[in-house]
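Read through the structure below, which is laid out as structure tokens, and then see the notes.
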Protein chains: 2
Amino acid sequence: MNDAYFMLQALAEAEKALEADEIPIGAVVVFEKQIIGRGYNQTEQLRDVTAHAEMLALTAAANHLGNKYLADCTLYVTIEPCVMCAGASYWAQLKAVVFGAEEPKVGFRRHGQLLHPRTQLRGGVQAAECAALMQEFFSLKRK
Amino acid sequence: MNDAYFMLQALAEAEKALEADEIPIGAVVVFEKQIIGRGYNQTEQLRDVTAHAEMLALTAAANHLGNKYLADCTLYVTIEPCVMCAGASYWAQLKAVVFGAEEPKVGFRRHGQLLHPRTQLRGGVQAAECAALMQEFFSLKRK
């Protein structure tokens with residue numbers, strides 16, 4: 001069970017978003033090789049800008065552990081997180097953030113180092129699959 | 001009904017956080033001179049790093065309007081928002097963010113311009129009162 005395995009789980013969450021006509025981004029939080037939180041983008045369904053996949057997965061993981069700090073957890077998300085989600089990851093003090101495809105426009109990295117100093121960052125995991133799902137969504141929207 | 005008036009309402013929310021032994025930060029969202037969302041920091045009670053005053057107030061306001069975009073709304077918050085909350089404000093495309101006291105350590109402004117280009121920013125409203133509440137909390141904690 002490596003990064004690719006858990007990214008496929010995050011992709012399964014993103015597929016749920018696509019089915020719900022949401023921008024298809026999915027996330028899972030992993031603790032001791034187990035998924036303890038899942039989420040997919042629900043900003044339209046919930047009419048709530050804070051309902052990003054990462055936020056829902058982090059909240060679910062904290063509920064599971066009964067601890068708001070997720071220092072031994074890794075967040076897997078199909079697309080590079082935005083500033084809000086990077087900020088949430090900072091507070092959770094995650095062990096690692098692993099993303100799939102880059103998001104040059106609204107990804108957090110253009111604003112510098114927003115993650116907690118202890119948090120490792122890895123990108124480009126299953127990037128093509130993660131990006132393809134986004135392209136499918138936006139090409140459907142343009143039709 | 002000006003900035004000072006609504007900041008006092010945000011301070012009333014912060015008092016609720018203090019009573020709950022939470023870091024005392026409060027927020028309100030105002031639309032057409034009416035408060036449509038309130039929140040106070042509940043990260044300990046909910047064991048959830050995302051439960052900042054601003055996030056709860058923004059979610060409440062979006063629920064009230066049935067719209068995730070809060071383009072005609074102003075967020076009042078007693079302390080300069082963090083990166084996460086600035087990121088949420090970006091997505092909500094707020095008209096304005098008004099804060100009380102500065103937060104040099106974890107406030108968003110040290111990371112540059114994170115708010116939406118359309119969002120006005122005003123600070124220092126009732127700053128002394130907002131800061132005093134924080135000092136009261138942390139001096140109690142040190143005892």
Side-chain angles (χ1 to χ4, degrees), chain A residues 22-23 25 27 29 37 39 41-71 73 75 80-94 103 105-117 119, chain B residues 22-23 25 27 29 37 39 41-71 73 75 80-94 103 105-117 119:
Chain A
E22 299 268 4
I23 294 177
I25 301 175
V29 174
N41 178 36
Q42 293 192 280
T43 52
E44 295 299 328
Q45 286 165 284
L46 300 179
R47 290 181 186 147
D48 185 346
V49 295
T50 74
H52 281 194
E54 300 95 315
M55 305 295 277
L56 301 174
L58 290 172
T59 294
N63 283 345
H64 177 88
L65 292 180
N67 189 343
K68 65 178 183 159
Y69 296 115
L70 303 173
C73 296
L75 171 71
E80 179 188 339
C82 74
V83 166
M84 173 179 72
C85 295
S89 299
Y90 173 91
W91 290 119
Q93 301 186 14
L94 288 166
E103 175 40 277
K105 202 173 159 201
V106 293
F108 79 91
R109 291 184 304 162
R110 63 195 291 262
H111 299 285
Q113 162 56 343
L114 301 183
L115 300 181
H116 196 278
T119 304
Chain B
E22 298 268 3
I23 294 176
I25 301 176
V29 174
N41 178 35
Q42 292 193 282
T43 53
E44 295 299 328
Q45 286 164 283
L46 301 179
R47 289 181 186 148
D48 184 347
V49 296
T50 75
H52 281 194
E54 301 95 314
M55 304 296 277
L56 301 174
L58 290 173
T59 295
N63 283 343
H64 178 88
L65 292 180
N67 189 343
K68 65 178 183 161
Y69 295 116
L70 304 172
C73 296
L75 171 71
E80 179 187 339
C82 74
V83 166
M84 173 179 72
C85 295
S89 300
Y90 173 91
W91 290 119
Q93 301 186 13
L94 288 166
E103 175 41 278
K105 201 172 158 202
V106 292
F108 80 91
R109 291 184 304 162
R110 64 194 290 263
H111 298 284
Q113 162 57 343
L114 300 184
L115 300 182
H116 196 278
T119 304

| A:A88 versus chain B, heavy atoms under 4.5 Å apart: side chain, backbone, both or neither? | both
| request: Quick one: which of B:L114, B:L46, B:T59, B:L58 has the most heavy-atom pairs under 4.5 Å with chain A, could you say? | output: B:T59
| query | Most heavy-atom pairs under 4.5 angstrom with chain A, which of B:A61, B:C85, B:G112, B:A92? | reply | B:A92
| Set of side chain to side chain donor-acceptor pair (under 3.5 Å) partners for B:Q113, sequence neighbours left out | none
| query | Hey, is CZ on B:R47 packed in by over 12 heavy atoms from elsewhere, all under 6.0 Å? | reply | no
| query | If you check every heavy atom in residues 62-71 of chain A against those of chain B, which residues fall under 4.5 Å? | reply | A:A62, A:N63, A:G66, A:N67, A:K68
| field | Heavy-atom side-chain contact between B:Y90 and A:C82 under 4.5 Å | value | no
